[in-house]
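To start, the structure under review is shown below, and the notes come after it.
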Amino acid sequence: MSEIPKAYEPQAVESKWYQYWLEQKCFAADPARVSAKRPAYSIVIPPPNVTGMLHMGHVLNNTIQDILARKARMDGKEVLWLPGTDHAGIATQAVVEKTLIKQGQIRHRDDLGRDKFLEKVWEWKAKHGDIIIEQLKKLGASCDWGRERFTMDPEYSKCVQRVFVDLYRKGLIYRGKRMVNWDPSARTALSDEEVEMIETKGHLWHFKYPLLDDQDRPRTDAFVVVATTRPETMLGDEAVAVNPRDERYTHLVGRRILLPLQNKPIPLIADDLVDPTFGTGCVKVTPAHDPADYEMAVRHKLPFTVVIGPDGRMTPEAGAAFATLTRDQARKAVVAAMEQAGLLLKIEDYVHNVGHSQRSHVPIEPYLSEQWFLRYPSQAAARACVADGTMQFFPDRWAKVFDHWMGNLRDWCISRQLWWGHRVPVWTRRVPTTDTTMRMRRDRARVCATLVELARNGGAASEECPLFEDSWSGVEDHRTFWRVRGESGTDTEWEAATFSELEARALEAEGWVQDPDVLDTWFSSWLWPFATMGWPERTPALEAFYPTTDLVTGPDIIFFWVARMIMAGYEYMGDLPFRNVYFTGIIRDKQGRKMSKSLGNSPDPLALIARYGADALRFGTMRSAPLGQDVLFDEKDVELGRNFCNKLWNACRFRQMQGGAIEDEIDPALLTSDDKWILRRLDRAIREIDDAFAGYRFNEATATLYRFFWSEYCDWYVEASKAALQSGRSDNPSDPPGARAPDPDAAAAARRRANTLAVIDFVLSHTLRLFHPFLPFITEELWHGMNYHADLPIDQGGHTIMDARWPKPLDPAFCEHYGLDETAEQVASAKYELVGVGRNFRREFNLASNRKLQFVLKPAGDLPPAEVEVIRLLLNAETIEVHRAYTPPKGTPMAANALGELYLPLAGLIDSAAERARLEKELEKARLEVGKVAAKLGNPQFTQRVPPAVLEEHTKRLADWQAKEKQILTSLNNLPE
RNA sequence: GCGCGCUUAGCUCAGUGGAAGAGCACUUCCUUCACACGGAAGGGGUCGCAGGUUCAAGUCCUGCAGCGCGCACCA
């Protein structure tokens, strides 16, 4: 570092050290190293979508994880940060299909067929799947890349199938015809969590439905009026419902109504679901297109007429006039037709919430279809662990949200009508009902199921039917289960669930056909904390690193992912998957809007890294991200980070320029008040940072680092230390010629200088370590550049700052030895206070910053010349004359405190009117404060009840302000005229 | 409708019962041999509103208002 540049240039430094860390395998976790003395620390990454590009949310999230991981390493832990990606079923399939269409290769994925299309997706994954991983590396992420996992890896896929079959066997996974959330754009079912309610301005259309008379003839004089927000669904109406206690309509219940446009008689039914106070109290019932209506239809055994198809277009059932129209077109057409028929009573403006697909943002269509559902396992354990504090959430208010959701669990629709994903491991076949093979298979499965239950409840499993391959995982050895799906005529339709490749092939040879659906991506990522570590084997990694320590994720996936992982963890590991969950805020733009591609308000983190450096991006982001609050991102924050790195760089450069070897022996006898002051500030900073880490308050840690390093170390200590550094220089230009000869004064100055360098080295080497989790690259560069790694054991920083030991607060013995008491700190503080006022004179009297001034100091007590020299330097004064019996000329500006009185004699130069104004302002302030404190102390309630420390502090404060007031009055009296 | 956040300097936000803070922006001065990605000094706040608890409230409690976010089958 002999010729270090004036400004820090991050690019080369960052790539160099990342390469070094990889080559030296610094990120690799070894379960064998875990011991009582070296505890494990683990995080699994929230797997980003394999289609994804790094965005600011990833930056926030992964910077936090990296900070935690690096801090844990410095704490001497064996750290596993396990990376990977998920396959993101809908998003990836959509991107690939869109790309192929854009390239003109296909018009629809059907043109290729399932197998060929999947080949294309894999090709695409091979080409683009690593992008986000490489981007994470640019950020400095210290993941154990050798353990990178992908949710579609063969082993991982096997875990997904295994879990599916297990839950199927337990009866928790079932297939059923249900009303599901259908995304007509992606053409797949979604889970409830994937539906976003959006407040939408719409209308409430009021339709008249004619009553039928006894001969089923429509009456022209009697109608029921229904209101709807979705006129197009009326084509599928099967009833009109009223509340059974609604006396306006009880006489009509059981009568028939003519459904207009379809000219179909439908009944008027009574159901408790109907709110008699809303609208007319009559509700049209569309069994196949509304979840509430569906329930009513089941109760009243109504038919299910499907008028909207899976593509969001009207079906032939909707009638010739409407078939093939889109939902929107059909809405207009129905309204027009009703109006023409004179059955449109009125249209009201209406604001209501409409479910939209979180994926494609189109309105969700409630759709009746066959899907796979899961009744969640291990609900009680999952709910309890958060409620009783076994697992902690940061901030903990999310615990309440979690608990509410856990208390209202509804079965999870896990099947998706996609090709990209884990295909449902179920095969079906129709066989003659008389076929005995299937009966035998089923009976065997039943026996096993019973024994599984027995074993789970503490009973013994028989030896003929060893159920558990591994009792730890709780998944039984039997890989195939059969169930009757349905019977028709002489045939029985069977289904078989298996995770055995061999079984599956055997079944297919027998003519069994696999279910076409794939599983929700979250059905694979809920296994992430253990499926990535070799489950169901009892691997060393699982033994060492499960449960993981911390999870860092966004609150937007608390249900999608966090809650489900907890349930899966209990079900398959018998233990929680992580001990702490840190929920980040959401990154927004300056206007507070969410970052989104369509708004184009999402900055590219890679561009920011190129411009400012990864450390700058990390520091800026962390500094502006308080725990659990959303972050309004501003590029200024990154600029601040860069400036900070530059400051750090130059502070080290300054030390380099002082020359000399690393000084590690500090002589207590030679410590100045400034030395003691900065050492105590360092101690305080370490304590604050430790405290911040304990509460996951990273922004607080960065604030402390910033204040300590910039305001305390650079602004005060470094400037003050220049006194000792300059006077002790062997090449001091002010030395008289011939000063080479042994000179006791010069030797003493040189010793003081060396001691100052030792303090600087002590502080800087601590500072670099405190900064390392936040600024990994620049700290590593400086660690080596400053030679602080020399002489350290290889596993304690000799090799990399990553392994350097985390600084400890200074222990009492150390403080005692070096005399770091409060008095020492107070001397320095008083010095800086005096300097502050002295500097203010320049502004008050319009004296240019570079103008050489001569001050006079009238010390209150004993003030060594070295201290005076520090004050001179800090004031940028030409001279300070120490004068114990000084009588200032009238009107000389003066500042005073415990240290003494500082005068700026400027005969004839100062504007006494301005000085009077200044002093009067000061006086006003002092009197105000005296008044405030005196009032408090005058209150007996206060003096009697307050803790002694507070009382003492107030008493002192009063004395201070009174002294100040007196001094200002003196100065005022001294003014000319 | 229920629940949860937020409201402090022009802007973005810290502030965990005992003298209102930071960064940016602004004003003035300074290229003094670490740093102009810098240094020095300064201006700027009845802490959303109204009550209450307390010797003491930005901080705790109760209302209210505005903004934001969850959850919820009112067509």
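Here is the naming used below: chain letters follow the sequence lines, and residue numbers restart at 1 for every chain. All values derive from a computational prediction rather than experimental measurement.
The gap from the P atom of B:C47 to that of B:A57 amounts to 12 Å, rounded to the nearest Å. To the nearest whole angstrom, the two C1' atoms, one in B:A20 and one in B:C13, are 15 Å apart. On the C1' atoms, B:U32 is 12 Å away from B:A40, given to the nearest whole Å. Rounded to whole Å, the C1' atom of B:A25 lies 38 Å from the corresponding atom of B:C61. Comparing the same atom, P, in B:G58 and in B:G18 gives a spacing of 10 Å after rounding to whole Å. Of the P atoms belonging to B:C33 and B:G48, the separation is 46 Å, rounded to the nearest Å. Across B:A22 and B:G15, the matching C1' atoms stand 10 Å from one another, rounded to whole Å. Comparing the same atom, C1', in B:U7 and in B:C49 gives a spacing of 11 Å after rounding to whole Å.
Between A:D293 and A:K284, none of the side-chain N atoms (NZ, or NE/NH1/NH2) sits under 4.0 Å from a carboxylate O, so this pair counts as no salt bridge. Salt-bridge formation is detected for the pair A:D272/A:R245: a Lys NZ or Arg NE/NH1/NH2 atom is positioned less than 4.0 Å from an Asp or Glu carboxylate oxygen. A salt bridge is absent between A:R327 and A:E232; no separation between the charged side-chain nitrogens and carboxylate oxygens falls under 4.0 Å. One finds no salt bridge joining A:E952 and A:K956 here, because no Lys/Arg side-chain nitrogen approaches an Asp/Glu carboxylate oxygen to under 4.0 Å. A salt bridge links A:R872 with A:E869: at least one charged nitrogen is closer than 4.0 Å to a carboxylate oxygen. Taking the charged nitrogens against the carboxylate oxygens, A:R410 and A:D192 do have a contact shorter than 4.0 Å, which makes a salt bridge. Contact check on A:K921 versus A:E924 returns no salt bridge, with no Lys/Arg side-chain nitrogen under 4.0 Å from an Asp/Glu carboxylate oxygen.
Counting any heavy atom pair closer than 4.0 Å across all strands shown, A:N876 reaches a base atom. Using a 4.0 Å heavy-atom criterion, one finds that A:E639 contacts no nucleic acid atom at all. Among the atoms of the strands shown, none is found under 4.0 Å from any heavy atom of A:V226. At the heavy-atom level, A:A651 lies under 4.0 Å from base atoms of the strands shown. At a threshold of 4.0 angstrom between heavy atoms, the contacts of A:P947 include nucleobase atoms, whether or not backbone atoms are also involved. No contact: A:W205 has no heavy atom under 4.0 Å from any strand. Residue-level contact check: A:R642 touches the bases, meaning some heavy atom is under 4.0 Å from a base atom. At the heavy-atom level, A:C714 lies under 4.0 Å from base atoms of the strands shown. Note on A:D715: only backbone sugar-phosphate atoms sit closer than 4.0 angstrom, heavy atoms only; bases stay farther off.
Dense packing is recorded around CD of A:E348, with more than 12 heavy atoms of other residues, nucleotides or ligands lying under 6.0 Å away.
Side chain of A:A292, nearest nucleotide from B:C73, B:A19, B:G23: B:C73. With distances taken from any side-chain atom of A:R653 to the nucleotides B:A34, B:A72, B:G23, the minimum falls on B:A34. Closest to the side chain of A:V718, from the set B:A19, B:A34, B:G70, is B:A34. For A:R843, whose side chain is taken as the heavy atoms from C-beta onward, the closest listed nucleotide among B:A34, B:A41, B:C29 is B:A41. With B:U16, B:C71, B:C24 as the candidates, the nucleotide lying closest to the side chain of A:R697 is B:U16. You'll find that the side chain of A:F654 is closest to B:A34, out of B:A34, B:C35, B:A75. Taking only side-chain atoms of A:S849, from C-beta outward, the nucleotide of B:C35, B:C30, B:G42 with the closest atom is B:C30. When the nucleotides B:C37, B:G23, B:A75 are ranked by their closest atom to the side chain of A:V274, B:A75 comes out on top.
Atoms OH (A:Y832) and C1' (B:A41) sit 19 Å apart, rounded to a whole Å. Residue A:H206 contributes atom NE2, which lies 12 Å from atom P of B:A75 at whole-angstrom precision. Atom CG of A:N850 is separated from atom P of B:U32 by 8 Å (rounded to the nearest Å). When the P atom of B:C33 is taken as reference, atom CG of A:L873 falls 13 Å away, rounded to whole Å. Atom CD of A:E712 and atom C1' of B:A22 are 13 Å apart (whole Å). For the pair A:I558 CD1 and B:C71 P, the computed distance is 11 Å after rounding to whole Å. Summarising the geometry, the separation between CZ on A:F633 and C1' on B:C24 is reported as 14 Å, rounded to the nearest angstrom. For the pair A:E9 CD and B:C35 P, the computed distance is 14 Å after rounding to whole Å.
A 3.5 Å limit on both hydrogen-bonding distances identifies no Watson-Crick or G-U partner for B:U53. Nucleotide B:G3: paired with B:C69 (Watson-Crick or G-U wobble, both distances less than 3.5 Å). With both pairing distances under 3.5 Å, B:U12 is matched to B:A22 as a Watson-Crick or G-U wobble pair.
Of the side-chain N and O atoms in A:Y350, none sit less than 4.0 angstrom from OP1 or OP2 of B:C74. For B:G23, neither phosphate oxygen OP1 nor OP2 lies less than 4.0 angstrom from any side-chain nitrogen or oxygen of A:W710. Within the 4.0 Å cut-off from OP1 or OP2 of B:C73, at least one side-chain nitrogen or oxygen of A:R410 is found. In this structure, A:R957 reaches the B:A19 phosphate: one of its side-chain N or O atoms is under 4.0 Å from OP1 or OP2. The side chain of A:R839 places an N or O atom within less than 4.0 Å of a non-bridging phosphate oxygen (OP1 or OP2) of B:A41. Distances shorter than 4.0 Å separate some side-chain N or O of A:K6 from OP1 or OP2 on B:C35. Phosphate proximity of B:G18 to A:K956: absent, as no side-chain N or O sits under 4.0 Å from OP1 or OP2. An OP1 or OP2 oxygen of B:A34 is reached within less than 4.0 angstrom by a side-chain nitrogen or oxygen of A:K722. Between A:N643 and B:G38 there is a side-chain N or O to OP1 or OP2 distance below 4.0 Å. Note on A:K400: a side-chain N or O is less than 4.0 Å away from OP1 or OP2 of B:C4.
For a distance-only test at 3.5 Å, the side chain of A:R842 fails to qualify as a donor-acceptor partner of the base of B:U28. Residue side chain A:E700 does not reach the base of B:A22 through any donor-acceptor N/O pair under 3.5 Å, judged by distance alone.
Taking the centre of each ring, A:H289 and A:Y294 stay at or above the 6.0 Å mark.
Shown here for A:L847 and A:F841, the closest heavy-atom pair between the two residues is CD1-O, 4.2 Å.
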Query raised in the report: Reading nucleotides 56-63 of chain B from the 5' end, what letters show protein touch, with B for base, S for backbone sugar-phosphate only, - for no heavy atom under 4.0 Å?
Result: --------
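A:F633 is listed as a side-chain neighbour of A:V638, based on a closest heavy-atom distance under 4.5 Å.
When only modelled atom types and interatomic distance are considered, A:R753 and A:Q658 share a side-chain donor-acceptor pair under 3.5 Å.
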